[in-house]
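Step one of this worksheet: look at the structure below.
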There are 2 protein chains.
Amino acid sequence: MAPGKRAEMMEETRAKLIAAGRKAFAEQGYAAASMDELTASVGLTRGALYHNFGDKKGLLQAVVNQLDGEIAAEAKEAASRLGGSVWESLMAEGIAYIEMALKPEVQRIVLLDGPAVLGDPSQWPSQNVCLQTTTAALERLIAEGLVKPVDAVAAARLLNGAAFNAALWIAASDDPEADLKKAIEAFKVLGEGLLTRPPT
Amino acid sequence: MAPGKRAEMMEETRAKLIAAGRKAFAEQGYAAASMDELTASVGLTRGALYHNFGDKKGLLQAVVNQLDGEIAAEAKEAASRLGGSVWESLMAEGIAYIEMALKPEVQRIVLLDGPAVLGDPSQWPSQNVCLQTTTAALERLIAEGLVKPVDAVAAARLLNGAAFNAALWIAASDDPEADLKKAIEAFKVLGEGLLTRPPT
DNA sequence: ATAGCTCACATACATGGCGTATGTCAATCG
DNA sequence: CGATTGACATACGCCATGTATGTGAGCTAT
């Protein structure tokens, strides 16, 4: 029975390694994380790592992909939970993005080490889901005439970049709560520049 | 005669090491750059490095400081060369910032490895001059009533973040020229969200 | 059922880089 | 002019990555 034991175990070890990677990379940073300790912490050796992910970078890529997926899911959910207009959803998504980036895990791994080690996020296999959804929403809004006819991809990158950098700022802030509010406020105001008509 | 020979030599070796650092860090990235090769390339050994900069990070910090200064100087010059209103200067600064970030040297060292190795830019000793000037300009504009009363620091971070990310995107683009234009266009439009009244 | 193969993972080894401790020689100072 | 400082070189230890090799548990075919 259960003739897929090999594959099962494989998935389990992959999951364990990714989980350990999230922890180690988040707490110590990519460069300082020792693969020996990391693998030992889940009862394995480096052999498993290099077999499953090729190299250290491969593990980081896997971790980033997982985080990226979670971020996009949460942002999307935040947008739909609000249930406003497309524009409001877009803003909600951006704000959720800022808030997600407050988690040290996301910050350190996706925002700091990720780009440095893996290169530009838009080139990642995970395709940076956040960017995708932002771009799609913008294209829709432009088609509807609600947003000025700018290049959607460019605008999406600007918005995401702004949100990302805000998160970086807030994370190092003395008063994260207060600065988060300021950032959200400024983000909304900035975003209004894209609208064809100022909001009521 | 010339009773400062020690200090002179010191400055020269520091300059040589920083120059070599710019090259090596830009071409190979921080992690992959070998301090042995780097120092040998200017006829020195690692001894000089650790004496002058403490450690590898110290050299990166010095390199970043130098680049940051150059960036700010160029941006400021671009703004004053245009000679428009404060708002136009601010936009010109932002655009110059995007263009500067297209240089692989700046990209790799200041934007990718810098934050990963040294932490959030706003905490750097160089204080990230770009942020400072942007914040100052915004505060002035807010005081004059031209810009909506948002938090200047937050808005500055958003603008800088947007510009930075745009540069990252353009650098990896298939058609940098075209995408640069799109980014500048979108940047201007986005920025207008901050104005109390839309431009004529 | 079992012989043989596959493959996930462990073990062992080679390479190279960082940081530090120690040495050396020229420039300064009394 | 001898002593001291300090800029830099040399030498060493430690550790991390990546690879080559070993091994034992599962799948497969007769």
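Only heavy atoms go into these numbers, but all of them, side chains included; no hydrogens, no water, no symmetry mates. Numbered from 1 within each chain, the chains take letters A, B, ... in sequence-line order.
- In the set C:dA10, C:dG19, D:dT17, the nucleotide with an atom closest to the side chain of A:Leu44 is C:dA10.
- Residue B:Asn52 contributes atom CG, which lies 16 Å from atom C1' of C:dT20 at whole-angstrom precision.
- Nearest to the side chain of A:Met10, among D:dA7, C:dA8, C:dC18, sits C:dA8.
- Inter-residue side-chain proximity for A:Phe53 and A:Ile18 is flagged as met; some heavy-atom pair is nearer than 4.5 Å.
- One atom, CG of B:Leu49, and another, P of D:dC8, lie 11 Å apart when rounded to the nearest Å.
- Considering only side-chain atoms of A:Asp55, the nucleotide from D:dG18, C:dC9, D:dC8 that sits closest is D:dG18.
- Looking only at distances, a side-chain donor or acceptor of A:Trp124 sits under 3.5 Å from a matching main-chain atom of A:Gly119.
- Mapping A:Ala33 and A:Gly47 onto DNA chain D via the closest heavy atom, the residue that lands nearer the 5' end is A:Ala33.
- The interatomic distance linking A:Phe53 (CZ) with C:dA8 (P) rounds to 13 Å, in whole Å.
- Rounded to an integer number of Å, the gap from NZ of A:Lys16 to C1' of C:dA8 is 13 Å.
- Straight-line distance from the NZ atom of A:Lys56 to the C1' atom of D:dT19: 17 Å, rounded to whole Å.
- Taking the side chain of A:Asp36 as heavy atoms from C-beta on, and the options D:dT17, D:dA9, D:dC8, the nearest nucleotide is D:dT17.
- When atom types are taken as modelled, the side chain of A:Asp36 and the backbone of A:Thr45 share no donor-acceptor pair closer than 3.5 angstrom.
- Among C:dA8, C:dG19, D:dC8, the nucleotide with an atom closest to any side-chain atom of B:Tyr50 is C:dG19.
- Without hydrogens or angle criteria, B:Thr196 side chain to B:Leu146 main chain gives a donor-acceptor distance under 3.5 Å.
- Nucleotide D:dA7 holds its P atom 15 Å from the CD atom of B:Glu12, rounded to whole Å.
- In this structure, B:Arg46 places its CZ atom 14 Å from P of C:dG16, rounding to the nearest Å.
- Contact annotation for A:Ala31: no contact, since no heavy-atom pair falls under 4.0 Å across all strands.
- If you check the side chains of A:Arg108 and A:Gln28, you find no donor sitting under 3.5 Å from an acceptor.
- Defined by atom type and a distance below 3.5 Å, a donor-acceptor pair is missing between the side-chain atoms of A:Ser173 and A:Asp175.
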Pairs: protein N or O with nucleotides 13-15 of chain D N or O, under 3.5 Å:
none

